[in-house]
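Written out below as structure tokens is the structure these notes cover.
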Amino acid sequence: MLNVTCWRKSLAAVVVASICLSLAACSSTPVPPIAKVEPKIDTLFGVEMTDNYYWLRDRANPEVLAYINAENDYTDAVMKHTEGLQEKLFQECKARIKETDLSVPVKDGEYFYYDREEEGKQYEIYCRKRGSLEAPEQILLDVNAVAEGKDFTDIAPFQPSPDHSMLVYGTDDNGSERYTLHFKNLSTDEQLSEQIPNTSGEAAWANDNKTIFYTVPDEAWRPYQLYRHTLGTDPAKDVLVFQEDDEKFWMSISRTRSGEYLLMETASKVTYEIHYLKADNPQGQLKIIQPREEGLEYTVAHHGNKFYILTNENAVNFKVMTASVRNPSKKNWKELIAHDPNIFIETVEMYDDYMVLLEREDGLRTIRVTDLASNKSHNVAFPEAVYSYRFKIAENPDFRTDRLRLTYQSYVTPKTIYDYNMATHSLELLKRTEVPGGFDPDNYVTERVFATAADGTQIPVSMVYKKGLVKDGSNPLMLYGYGSYGDSMDPWFSVSRPSLLDRGFIYALAHVRGGGEMGRPWYDDGKLLKKKNTFTDFIDCAKYLCEQKYTTAEKTAAVGYSAGGLLTGAVVNMAPEQFGAAIVGVPFVDVMNTMLDASIPLTVVEYDEWGNPNEEEYFHYMLSYSPYDNVAKKDYPHILIESSLNDTRVQYWEGTKYTAKLRALNPEHENRILLLTNMGAGHGGSSGRYDYLRETAFEYAFVLDCMGITE
């Protein structure tokens with residue numbers, strides 16, 4: 001006789017999958033759930049497309065949640081034998097974080113701002129001190145208190161007012177990336193009663209310290225409205241300042257580093273338009289810098305009576321122009337930094353005495369500093385050959401300084417905070433993140449190699465592994481890739497990664513086309529009708545690493561998330577024999593159904609990245625690589641698919657449908673096909689630091705187990 005728990009699971013399975021899962025729940029061998037088939041047939045350009053699992057899009061349908069829960073139960077059952085390994089990995093990772101720690105304070109006006117973490121707590125505590133670091137601490141926001149009783153909490157924005165008397169912060173408590181704005185009087189520590197729901201998580205203060213501008217998303221999660229709010233007034237009466245009706249354009253709001261202007265940017269993937277407003281005059285009218293022209297991209301920094309404009313006009317890797325703030329339209333732009341086909345200029349940052357260009361050359365990020373008085377330039381010298389850095393506006397609030405704050409790291413160097421003195425050209429080490437638990441960077445080796453793609457292009461691959469590793473083809477290897485939006489994947493330090501390296505793994509990052517590592521042409525060669533270069537580059541990198549005896553195909557795990565999940569989903573269709581395992585994380589795999597449905601968040605915005613499948617040329621090309629549409633009966637590697645129920649960027653049903661189709665077409669597949677859905681998070685997974693480490697431990701345990709490593 002079935003016990004009550006098994007009977008309930010059996011009933012849910014009958015409703016969802018027309019099979020009896022009670023046998024799976026009550027036997028020693030888990031049996032996977034099989035989603036029911038309800039064909040939805042569409043025809044476009046003479047091609048009939050059948051989607052048997054369209055019904056899984058309806059999250060209000062109890063059968064959908066029952067199926068997702070059944071998949072989670074199945075994954076738990078299949079992975080149960082790894083629970084000890086998961087716990088061991090989690091404890092190893094946790095041992096490498098300093099659980100009670102303090103960030104490097106950032107001086108802004110009279111105040112030193114910092115955040116700290118306490119042992120056992122998931123989230124940061126934001127604080128400040130006035131005058132000196134010996135002054136009493138003021139807690140601005142304890143995120144642990146905000147998150148109490150919630151599975152998920154994210155904070156955006158977090159911005160003190162220009163005079164430091166007020167604070168605006170936003171909260172998202174389910175991962176949907178829709179934030180409620182809150183206000184706090186920092187002089188009295190009083191939480192204001194007014195709240196503004198359904199914002200995009202962006203806001204900017206005017207200089208009167210009582211007016212704030214914020215953006216609001218539409219139903220497709222596209223920020224499209226700019227509102228003005230005055231503290232002490234009813235948010236329902238906030239003024240709509242601007243509305244962007246073109247569905248391809250995404251809005252943002254920011255302050256210039258000078259503090260003199262507010263910039264409203266509305267942009268598609270390939271076309272920008274920026275409006276400006278004096279921060280001293282929040283009731284004034286927005287003025288346009290340069291009206292949109294198809295294909296014209298530009299960003300703006302401010303200094304004195306000029307705007308410094310970074311643009312791609314006749315400059316694929318961008319150039320720098322200047323224009324008077326009185327008349328900044330394109331006809332008045334004057335060239336300052338000419339286009340260089342070998343150097344990609346990513347960002348222009350202005351200081352009172354310096355211009356800083358964040359650049360990329362030969363695949364590495366560089367920094368060029370120009371003294372505005374002498375017009376002399378120099379590059380920042382970094383201590384390693386392979387590295388990455390991060391420049392954050394929030395960590396560089398002072399416009400009138402000769403110090404540039406950077407967060408530096410590499411595969412073997414933990415997160416390191418430097419102040420770079422632009423006058424003396426020297427790096428001052430402020431803090432290197434302590435990594436307890438016995439980590440020693442001298443135990444590891446970093447390497448950069450180049451794989452030759454089918455068309456002869458040299459694809460960089462960055463690697464790290466334990467010193468003494470022998471290249472005899474016996475080593476397991478995790479190959480990570482992304483390759484979309486022009487985003488560059490630079491080497492970063494991970495407290496979790498040594499748990500792989502110490503077990504003999506090589507960790508490799510394939511800098512495939514579609515990213516921005518080698519300049520803007522690298523991106524252009526991996527998008528739209530060249531998107532397949534991203535996938536074939538990744539496969540060619542995997543083959544090269546096997547040919548060079550770093551590893552073998554069966555010991556190679558392909559890993560990617562979001563658009564990187566599209567990558568891993570595509571390559572296991574195209575070359576399943578090249579991989580022993582794959583993680584397909586929060587994956588954009590249902591390309592055709594998503595891009596043909598303009599009601600889905602971000603679809604129209606994405607036309608310039610993938611193409612518009614309502615146009616025949618793009619339709620056939622996108623259909624030829626869409627992972628969901630190209631699933632077939634094949635000898636796939638072990639696959640772990642991960643989704644989040646509240647994901648607004650890649651809807652949960654993409655990974656869910658993909659899993660259902662993989663399993664239906666391969667009912668006797670010997671390798672594991674697992675779906676794990678986070679029921680309380682969004683695109684980025686769990687928000688708490690311990691929860692995040694547990695997710696990583698689960699992924700590592702999956703890959704290790706697939707490779708036959710059990711301890």
Side-chain angles (χ1 to χ4, degrees), residues 363 385-386 410-412 444-483 488-492 494 497-515 517-518 522 526 532-561 564-565 567-584 635-639 671 699-700 702-704 706-709:
V386 180
S410 73
Y411 280 143
V412 297
Y444 307 96
V445 176
T446 61
E447 186 178 2
R448 190 182 180 103
V449 298
F450 288 83
T452 302
D455 63 1
T457 302
Q458 296 294 294
I459 312 299
V461 182
S462 300
M463 290 186 287
V464 60
Y465 46 83
K466 198 163 185 179
K467 189 176 292 183
L469 178 136
V470 179
K471 300 170 187 176
D472 60 0
S474 67
N475 309 296
L477 182 144
M478 180 177 284
L479 183 61
Y480 179 91
Y482 188 74
S488 299
M489 298 290 109
D490 296 305
W492 73 95
S494 164
R497 194 177 296 127
S499 289
L500 288 179
L501 306 182
D502 292 347
R503 288 172 170 83
F505 264 79
I506 299 169
Y507 182 88
L509 171 58
H511 302 282
V512 295
R513 282 175 284 185
E517 289 90 336
M518 304 296 283
W522 201 252
K532 288 183 186 178
N533 283 338
T534 303
F535 315 135
T536 55
D537 283 356
F538 190 86
I539 294 168
D540 288 336
C541 287
K543 290 179 177 178
Y544 172 84
L545 295 171
C546 292
E547 291 166 359
Q548 298 301 310
K549 303 220 178 275
Y550 287 95
T551 188
T552 56
E554 60 270 18
K555 290 190 175 184
T556 301
V559 179
Y561 303 89
L567 166 64
T568 49
V571 300
V572 296
N573 276 338
M574 296 168 68
E577 73 286 349
Q578 192 58 52
F579 306 97
I583 295 178
V584 185
D635 188 16
Y636 284 101
H638 298 284
I639 301 177
N671 290 334
E699 292 177 343
Y700 281 9
F702 170 79
V703 172
L704 288 166
C706 291
M707 303 295 171
I709 301 171

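This one's a predicted model, so the numbers in the text were calculated from it and none came from an experiment.
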What are the two closest non-hydrogen atoms of [X] and [Y], and how far apart are they?
{"X": "Asn573", "Y": "Tyr636", "result": "OD1-OH, 2.6 Å"}
{"X": "Val572", "Y": "Pro637", "result": "CG1-CG, 3.9 Å"}
{"X": "Phe538", "Y": "Ala510", "result": "CD1-CB, 4.0 Å"}
{"X": "Ile539", "Y": "Ala575", "result": "CD1-CB, 3.9 Å"}
{"X": "Glu577", "Y": "Ala553", "result": "O-CB, 3.4 Å"}

- Does any non-hydrogen side-chain atom of Cys541 lie less than 4.5 Å from one of Phe450? no

- Please tell me if the side chains of Tyr550 and Glu447 come closer than 4.5 Å, counting only heavy atoms from C-beta onward. yes

Restricting to side-chain contact (heavy atoms from CB on, under 4.5 Å), what partner residues turn up for [X], sequence neighbours left out?
{"X": "Thr534", "result": "Val512, Lys531, Leu567"}
{"X": "Ser474", "result": "Asp472, Lys555"}
{"X": "Lys466", "result": "Tyr444, Asp502"}

- Over 12 non-hydrogen atoms of neighbours within 6.0 angstrom of NZ in Lys532: yes

- Query: Side chain of His511, backbone of Met489: donor and acceptor closer than 3.5 Å?
  - Reply: yes

- Message: Tyr482: which residues meet the ring pair (Phe, Tyr, Trp, His ring centres under 6.0 Å) condition with it, sequence neighbours left out?
- Response: none

- Partners passing ring pair (Phe, Tyr, Trp, His ring centres under 6.0 Å) against Tyr465 (at least two apart in sequence or in another chain): none

- Note on the structure: Sorted by chain and residue number, the salt bridge (Lys or Arg N to Asp or Glu O under 4.0 Å) partners of Asp540 (sequence neighbours excluded) come out as none

- Measure up the Tyr480 and Tyr561 rings against each other and bin them: parallel (under 30°), tilted (30 to 60°), perpendicular (over 60°). tilted

